[in-house]
Q: 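What follows is a single structure, and I will ask about it in a moment.
Order of the sequence lines fixes the chain letters, A, B, ..., with proteins taken first and strands second; residue numbering starts at 1 for each chain. The basis for the numbers below is simple: all heavy atoms, side chains too, and nothing from hydrogens, waters or symmetry mates.
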Amino acid sequence: MTVDEQFAYLTKGAAEVIRADELKAKLDQSAKTGKPLRVYLGVDPTAPDIHLGHTVVLRKLKHFQDMGHTAIFLMGDFSAMIGDPTGVSETRPPLTREQVDANAKTYLAQVFKILDREKTEVRYNSEWLGKMASHEIVRLCGHYRLARMLEREDFRSRLEKNHPISVHELLYPLLTACDAVSLQSDVELGATEQKFNLLVHRDIQREYGQPAQAVLMMPILEGLDGVQKMSKSLGNYVGITEPAAAMFGKLMSISDTLMWRYYELLTDATPMEIAELKSAVSTGTAHPMNIKKSLARRIVADFHGGEASAQALADFEAQFQEGLLPEDIPSRDLALREPGKLFRLLTGLGLFGSNAEAQRKIKEGAVYMAELDSSNQPCWRRMADPTWIFDPAAHRQVVFRAGKRLLKITIV
RNA sequence: GGACAGGUGGCUGAGCGGUCAAAAGCAGCAGACUGUAAAUCUGCCGGCCCAUGUGGCCUACGGAGGUUCGAACCCUCCCCUGUCCA
């Protein structure tokens, strides 16, 4: 592969490259000397799980790895304890050492679903940040100007709204710049929202006498709602450890518009293939639902394998298109003797958060019950009376449906 | 250290003595329609209880006290945030 081809492949799907000519020169240099580029992605383990949004940039790191460059996965175990101010309108509560360690552990296992474990250099930024003396930190701060720091949108909008900014938040980009310096990186990957931090990293590298790394930014993946970015706190995410069926279902719930975005950022489909699918849908030769099914199949296969993915599709079709019950309904055994109000039972089972909510939902017609027989073709009965009494003697095994949730109950 | 402004439900934000479980918007949940899609429309959106009603009770407008028949709203102190001055 020529340098130009490599460059085209590596920047596919990228939102921005700073600077493209520098990256090309680095690739060129690497090709001539045979010395692989050091490419890193820093991630703060602020939550125990990663979701599809994180995989966009991980996938890009893998591309570099596939091209023979050195992929460095940097665990921001130290920086996670400061908290990245990017995109937040409030100071984040700092994580404890214990939380960070626990998250880092689960993160790695998930990261290797995409990266090649053998070929990946895994580093922790506590290696160097944890050892910094206060005079070194002071010196580091001396390399950057407050006015420039306050230029960034996050801080500016907080200042305008008279919201608090804590001093330690200013330190975040400076400290993570030490990662780039310590790793002597040639390229850093990140999401577009990281732009400010990434640029600071370049500046600080230069201040410490190193050539500035090239920066490659990937777009932010929209969540299932199609509007806000995918994030766990918004609940619009697909976790990569989720069961195949859940993953499949969530992917099927995205809008038709959003599915093209997912094709672009979450699959290896080439822009050409995607364009073909699009034209097939617009000319009516393909049904968008089928195109979405194959999207879901591809993504689920990445994390669960082809077989599980095919099964997920089959289950989906059986459940939602033929009305059958899925195989793996959550089920509970219940030692219940006395008859009682249905809403109380449902709250007790965790289907609703409170008795008041359960009663409301029953009135709204959101609750169904079906006796379980040998076939898994349920005969749903709408339970719209909030005073209805559930008698365990009369219903040995039933399935409740509360909105989208299902729960199987066996009286023991 | 001083002067000033502000702290209301998941968020934004109205209310500034009773008719306030608190407007409005967003988010969320559910129903209708569908392709478990989107869009749209409808309802709900603190909790407990009775049973179905313009029903009873409890908790809640930063915290603690106070004034009042009655406080998110007035007073005092405290905590938190911001602005200006030093």
Side-chain angles (χ1 to χ4, degrees), chain A residues 87-93 150 155-167 169 222-238 245-263 277-278 281-282 284 286-297 299-300 312-326 329 339-348 350-369 378 380 382-389 400-406:
Chain A
V88 285
S89 50
E90 269 169 51
T91 311
R92 289 191 184 178
L150 295 178
F155 290 153
R156 196 160 16 103
S157 73
R158 281 205 253 169
L159 279 175
E160 276 165 17
K161 291 180 191 156
N162 292 349
H163 286 173
I165 299 172
S166 296
V167 175
E169 296 181 79
E222 292 84 355
L224 298 172
D225 55 41
V227 180
Q228 291 183 277
K229 72 170 192 172
M230 184 176 281
S231 90
K232 189 160 187 179
S233 54
L234 292 172
N236 60 357
Y237 71 104
V238 181
M247 212 182 240
F248 199 97
K250 283 188 178 182
L251 288 168
M252 287 306 289
S253 80
I254 65 173
S255 75
D256 292 357
T257 320
L258 185 62
M259 112 177 134
W260 300 118
R261 184 81 167 152
Y262 279 27
Y263 259 108
L277 291 174
K278 264 188 191 171
V281 167
S282 61
H287 194 294
M289 185 181 61
N290 290 326
I291 305 297
K292 204 183 289 173
K293 278 181 184 169
S294 41
L295 170 73
R297 273 220 54 182
I299 295 174
V300 172
L313 170 65
D315 288 348
F316 178 85
E317 287 173 343
Q319 186 183 165
F320 296 107
Q321 291 170 346
E322 294 160 39
L324 303 181
L325 285 174
I329 321 175
K341 292 256 173 79
L342 176 65
F343 70 82
R344 238 181 272 282
L345 175 67
L346 297 177
T347 306
L351 284 169
F352 294 108
S354 69
N355 288 342
E357 190 192 357
Q359 291 175 67
R360 257 186 264 125
K361 292 304 171 206
I362 289 171
K363 282 188 207 171
E364 287 173 9
V367 174
Y368 291 82
M369 184 175 89
W380 292 112
R382 197 176 212 170
M383 312 306 290
D385 177 9
T387 61
W388 192 76
I389 307 284
F400 287 114
R401 198 174 99 205
K404 289 171 188 155
R405 285 153 298 166
L406 290 170

Q: Nearest whole angstrom, please: distance from the C1' of G28(B) to the NZ of Lys404(A).
A: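 One finds 11 Å between C1' of G28(B) and NZ of Lys404(A), rounded.
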Q: Any strand is fair game: report the nucleotide pairing with U54(B) by Watson-Crick or G-U wobble, both distances under 3.5 Å, or none.
A: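 Looking at the geometry, U54(B) pairs with no nucleotide.
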Q: So which nucleotide does C77(B) pair with, by the Watson-Crick or G-U wobble rule with both distances under 3.5 Å?
A: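 By the stated definition (distances under 3.5 Å), G63(B) pairs with C77(B).
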Q: Have a look at Gly226(A) and say if it touches a base, only the backbone sugar-phosphate, or nothing, with a 4.0 Å heavy-atom cut-off.
A: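 The answer is nothing, as Gly226(A) stays clear of every strand by at least 4.0 Å.
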Q: In whole Å, what separates the C1' atom of U36(B) from that of C26(B)?
A: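 Pairwise C1' distance, U36(B) against C26(B), rounds to 24 Å.
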Q: Sticking with atom C1', work out how far A39(B) lies from A14(B), rounded to a whole angstrom.
A: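 Nearest-Å result for A39(B) against A14(B) at atom C1': 30 Å.
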Q: Using the closest heavy atom to pick a nucleotide of RNA chain B for each, name whichever of His287(A) or Phe352(A) lands nearer the 5' end.
A: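 By nearest-heavy-atom nucleotide position, the 5'-most residue is Phe352(A).
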Q: Determine the Euclidean distance between corresponding P atoms of U81(B) and A72(B); express it in Å to zero decimal places.
A: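 It comes out at 26 Å once rounded to the nearest Å.
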Q: At 4.0 Å (heavy atoms only), tell me whether Lys341(A) reaches a base, stays on the sugar-phosphate, or touches nothing.
A: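 Here Lys341(A) touches the bases of the nucleic acid.
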Q: Once you apply the 3.5 Å cut-off to both distances, tell me the Watson-Crick or G-U wobble partner of G1(B), or none.
A: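 The base-pairing partner of G1(B), which may sit in any strand shown, is C85(B).
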Q: For Thr347(A) versus Ala358(A), what's the shortest heavy-atom pair and its separation?
A: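 Smallest heavy-atom distance, with atoms named: OG1-CB, 3.4 Å.
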Q: Both distances under 3.5 Å, Watson-Crick or G-U wobble: report the partner of U36(B), or none.
A: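 U36(B) is paired with nothing.
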Q: Where the side chain of Lys361(A) is defined as all heavy atoms beyond and including C-beta, which of G43(B), G35(B), G47(B) is the nearest nucleotide?
A: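 Between G43(B), G35(B), G47(B), the one nearest the side chain of Lys361(A) would be G43(B).
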Q: C26(B) pairs with which nucleotide, Watson-Crick or G-U wobble, both distances below 3.5 Å?
A: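 C26(B) is paired, partner G10(B).
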Q: Do any side-chain nitrogens or oxygens of Ser253(A) fall under 4.0 Å of OP1 or OP2 in U36(B)?
A: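 Indeed not, no polar side-chain atom of Ser253(A) lies that close.
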Q: Are Lys361(A) and Glu364(A) close enough, and set up right, to give a salt bridge (charged side-chain N to carboxylate O under 4.0 Å, His left out), and what steps lead you there?
A: CA-CA 5 Å; Lys361(A) 292 304 171 206; Glu364(A) 287 173 9; 3.0 Å; yes
Q: With rounding to whole Å, what would you report as the distance between C73(B) and G65(B) at their P atoms?
A: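 The answer is 14 Å between these two P atoms.
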Q: Rounding to the closest angstrom, what is the interatomic distance between U54(B) and U40(B) at atom C1'?
A: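 Each nucleotide's C1' atom is 32 Å from the other's.
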Q: Any donor-acceptor pair, under 3.5 Å, between the side chain of Glu364(A) and the base of G31(B), if you only look at N and O atoms?
A: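 No pair found.
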Q: Is there a Watson-Crick or G-U wobble partner for G18(B) with both distances under 3.5 Å, and if so, which one is it?
A: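 C69(B) - that is the nucleotide pairing with G18(B), both distances being under 3.5 Å.
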Q: Phe343(A) CZ to C29(B) P: how many Å, rounded?
A: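 Checked: the CZ to P distance equals 23 Å.
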Q: Take atom CG of Leu224(A) and atom C1' of U36(B), then tell me their distance rounded to the nearest Å.
A: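 Rounded to whole Å, this separation is 13 Å.
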Q: Measure CG/Asp256(A) against P/U36(B) and give the value in whole Å, please.
A: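 In whole Å, U36(B) P and Asp256(A) CG are 12 Å from each other.
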Q: When the C1' atoms of C20(B) and G9(B) are considered, how many whole Å apart are they?
A: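 My reading of the C1' atoms in C20(B) and G9(B) gives 13 Å.
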Q: Just how far, in rounded Å, is C1' of A30(B) from OH of Tyr368(A)?
A: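 My rounded result for the distance is 10 Å.
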Q: Write down the distance between NZ (Lys293(A)) and P (G35(B)), rounded to a whole number of angstrom.
A: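 Atom NZ in Lys293(A) sits about 11 Å away from atom P in G35(B).
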Q: It should be established whether Asn355(A) places a side-chain nitrogen or oxygen under 4.0 Å from OP1 or OP2 of nucleotide G47(B).
A: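 False: Asn355(A) side-chain N/O out of range (4.0 Å or more) of G47(B) OP1/OP2.
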Q: Name the residue closer to the 5' end of RNA chain B, choosing between Phe248(A) and Gly403(A) according to the nucleotide with the nearest heavy atom.
A: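 Between the two, 5'-proximity favours Gly403(A).
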Q: Is Ser354(A) close enough to C48(B) that one of its side-chain N or O atoms is under 4.0 Å from OP1 or OP2 there?
A: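 Yes, Ser354(A) has a side-chain N/O under 4.0 Å of OP1/OP2 on C48(B).
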Q: What is the nucleic acid contact for Arg401(A), judged by heavy atoms within less than 4.0 Å: base, sugar-phosphate only, or nothing?
A: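 No contact.
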Q: Answer yes or no: is there a donor N or O on one side and an acceptor on the other, between the side chain of Arg405(A) and the main chain of Leu351(A), under 3.5 Å?
A: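 Yes; at least one donor-acceptor contact below 3.5 Å.
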Q: Using OP1 and OP2 only, check whether a side-chain N or O of Arg344(A) sits under 4.0 Å from C49(B).
A: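 Result: yes.
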Q: Taking the six-membered ring of Tyr237(A), is NZ or CZ of Lys250(A) closer than 6.0 Å to its centre and within 45° of its axis?
A: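 Judged by the rule, Lys250(A) and Tyr237(A) form a cation-pi pair.
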Q: Which nucleotide sits closest to the side chain of Arg382(A): A32(B), U52(B), A30(B)?
A: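 That would be A32(B).
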Q: Say you pick atom P in G82(B) and the same atom in G10(B); how far apart are they, in whole Å?
A: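 Each nucleotide's P atom is 23 Å from the other's.
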Q: Does the Ser166(A) side chain pair with the main chain of Glu169(A), one donor and one acceptor, at a distance under 3.5 Å?
A: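 Checked: no pair found.
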Q: What's the closest nucleotide to the Ser255(A) side chain, out of A38(B), G31(B), U36(B)?
A: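 That would be A38(B).
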Q: Rounded to whole Å, how long is the line connecting atom CG of Leu313(A) with atom P of U36(B)?
A: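 Rounding to the nearest Å, CG of Leu313(A) and P of U36(B) are 12 Å apart.
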Q: Checking side chain to side chain contact (heavy atoms under 4.5 Å, CB included) for the pair Phe352(A)/Val367(A): CA distance, chi angles, key distance, verdict?
A: CA-CA 11 Å; Phe352(A) 294 108; Val367(A) 174; 3.8 Å; yes
Q: Please work out which of the three classes, parallel, tilted or perpendicular, describes the rings of Trp380(A) and Tyr368(A), given edges at 30° and 60°.
A: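 Geometry flag for Trp380(A) against Tyr368(A): perpendicular rings.
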Q: Considering Watson-Crick and G-U wobble pairs with both distances under 3.5 Å, what does C41(B) pair with?
A: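 Per the H-bond distance test, G31(B).
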Q: When rounded to the nearest Å, what value does the distance between P atoms of G47(B) and C29(B) take?
A: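 Pairwise P distance, G47(B) against C29(B), rounds to 16 Å.
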Q: Strictly below 4.0 Å: does Arg360(A) bring a side-chain N or O up to OP1 or OP2 of G47(B)?
A: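 The answer is yes; a side-chain N or O of Arg360(A) sits under 4.0 Å from OP1 or OP2.
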Q: Please tell me which of the listed nucleotides, C48(B), A30(B), A51(B), lies nearest to the side chain of Thr387(A)?
A: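 In terms of side-chain proximity for Thr387(A), the closest of C48(B), A30(B), A51(B) is A51(B).
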Q: Starting at atom CE of Met289(A), determine the distance to atom P of A38(B), rounded to an integer number of angstrom.
A: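 After rounding, the gap between these two atoms is 14 Å.
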Q: What is the nucleic acid contact for Gln359(A), judged by heavy atoms within less than 4.0 Å: base, sugar-phosphate only, or nothing?
A: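 Since a base atom lies under 4.0 Å of Gln359(A), the category is base.
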Q: Would you say the side-chain atoms of Tyr263(A) pair up with the backbone N or O of Lys292(A), donor to acceptor, closer than 3.5 Å?
A: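 It does not hold such a pair.
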Q: Give one of base, sugar-phosphate or nothing for Asp385(A), where a contact means two heavy atoms less than 4.0 Å apart.
A: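 Result for Asp385(A) = base.
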